[in-house]
Amino acid sequence: MTTGRTSAAPRPTTGALRLVEASTTRPRSVDIRDYARQMTAHCPYLAPSLQRGLTTWTVYRADGDAEAVQAELFHAGAEAAEWLRPLLNRPHGLLRCENIVLVGDVPGARHRDLLAWPHWVLKNLYGPVGVMFGKFYAGEEEVTAAGHRIPAAPASFLPVRAAVRRRDPRFLSATPDLAAALAAADDDGRDVFEHIPTEWKEIRTWAQRLLPPAKLSPSSPDRPASPSRSSS
């Protein structure tokens, strides 16, 4: 049984994300079908996940300033991870994937800027318990470490899924400490929030100390070596 503080943390930014669609396998507000089908060629877990209805999408619209939207994306990601944790050891648990979709614009901020910090914090918090976070940006075509082109996503989103310990650490070569934590991941039911602050600004400060020196950047804290499994 997991215990998290996500609901207890102060949330003065509540309302910066407006729920468009609750978790669904077939969102209507964004057309994800062709993209998901194309991505099955890059992720061996995605096709069986789609066939079993275990890939879901929750769609939010930005309705606040950049910092507030970042804070709410972080909360949405933490809630998704806490929902996922007890399911991972059930039948087909490794095929479950919840995707947090962001639509709408924030003046002066790209989706890349809005997703980067929540993604970095969540990846560090949940990697040690075997939950993996990815990030994709609307309209941006990706290239894997092997040189394969990945189709551009129709919307920006954070995928949340079970970590694959024998594969995922290779995508974290630029962050060896995180790769090692993921490789040894074990969900012992810990409260991942036990030793970190609860306010978003303080959480960001905590997470910035985890950045490799070459990546100290206020806008884009991490750039994975390859996104090819981040989508599944």
Side-chain angles (χ1 to χ4, degrees), residues 21 23-27 29-60 73 76-77 80-81 84 94-105 109-120 122-124 126-127 130-176 178-179 182-183 215 217 219-232:
E21 287 187 89
S23 184
T24 175
T25 58
R26 295 185 178 183
S29 54
V30 292
D31 187 356
I32 212 80
R33 291 171 298 178
D34 287 345
Y35 172 74
R37 178 182 53 77
Q38 293 176 54
M39 287 299 293
T40 60
H42 303 279
C43 174
Y45 302 88
L46 184 55
S49 177
L50 292 171
Q51 291 166 5
R52 290 179 170 85
L54 298 179
T55 293
T56 53
W57 309 80
T58 298
V59 184
Y60 295 95
L73 284 169
L84 191 64
L94 295 181
L95 296 179
R96 289 189 175 274
C97 181
E98 166 68 6
N99 298 283
I100 300 164
V101 182
L102 178 67
V103 298
D105 297 321
R110 304 169 301 168
H111 280 195
R112 175 178 290 274
D113 303 320
L114 298 173
L115 268 60
W117 271 111
H119 172 257
W120 175 250
L122 290 162
K123 195 162 64 170
N124 278 276
Y126 285 99
V131 178
M132 183 74 169
F133 281 81
K135 56 181 168 60
F136 292 96
Y137 309 114
E140 294 193 18
E141 188 177 78
E142 302 277 3
V143 179
T144 71
H148 300 133
R149 291 186 178 277
I150 293 179
S156 300
F157 67 99
L158 295 172
V160 190
R161 58 169 175 80
V164 182
R165 294 166 182 80
R166 69 183 184 277
R167 294 170 55 94
D168 286 339
R170 78 178 75 167
F171 303 137
L172 303 174
S173 59
T175 52
L178 184 55
L182 193 68
K215 290 188 177 182
S217 166
S219 60
S220 298
D222 71 321
R223 295 178 293 278
S226 168
S228 62
R229 257 294 284 156
S230 296
S231 64
S232 61

Using the salt bridge (charged side-chain N to carboxylate O under 4.0 Å, His left out) rule, take Glu98 and Arg161 through it: C-alpha gap first, then chi angles, then the decisive distance, then the call.
-> CA-CA 7 Å; Glu98 166 68 6; Arg161 58 169 175 80; over 6 Å; no
Carefully, step by step, assess Tyr60 and Val103 under the rule side chain to side chain contact (heavy atoms under 4.5 Å, CB included).
-> CA-CA 6 Å; Tyr60 295 95; Val103 298; over 6 Å; no
Please lay out, stage by stage, how Ile150 and Glu141 fare under the test side chain to side chain contact (heavy atoms under 4.5 Å, CB included).
-> CA-CA 6 Å; Ile150 293 179; Glu141 188 177 78; 5.8 Å; no
Run the side chain to side chain contact (heavy atoms under 4.5 Å, CB included) check on Thr58 and Asn99 step by step: do they pass?
-> CA-CA 6 Å; Thr58 298; Asn99 298 283; over 6 Å; no
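Ile100 approaches Val160 most closely through the heavy-atom pair CD1-CG2, 4.1 Å. Minimum interatomic distance between Ala138 and Ser156 (heavy atoms only, all atoms of both residues): N-OG, 2.9 Å. Smallest separation of non-hydrogen atoms from Phe157 and Leu115: O-CD2, 3.8 Å. Of all non-hydrogen atoms in Lys135 and His119, the two that sit nearest each other are CE-ND1, 3.2 Å. Minimum interatomic distance between Ala155 and Val101 (heavy atoms only, all atoms of both residues): CB-CG1, 3.7 Å. For the pair Ala162 and Leu84, the tightest heavy-atom approach, listed with the atom from each and the gap, is N-CD2, 4.0 Å.
One distance of note links NZ of Lys123 with CG of Leu158; it measures 11.0 Å at 0.5 Å rounding. Here the CE-CG distance, from Met39 to Leu50, works out to 10.5 Å after rounding to the nearest 0.5 Å.
Between the side chains of Thr56 and Thr25, no donor-acceptor pair is found at a separation under 3.5 Å.
Residues His111 and Glu140 fail the side-chain proximity criterion, which asks for heavy atoms closer than 4.5 Å. Within the 4.5 Å cutoff, no side-chain heavy atoms of Pro154 are placed close to those of Val30. For the pair Gln38/Thr40, no side-chain contact is recorded, criterion being any heavy-atom separation below 4.5 Å from C-beta on.
In this structure, Glu21 contributes its side chain and Ser29 its backbone to a donor-acceptor pair below 3.5 Å.
Ring geometry for Tyr126 versus Phe133: interplanar angle of 30 to 60°, hence tilted.
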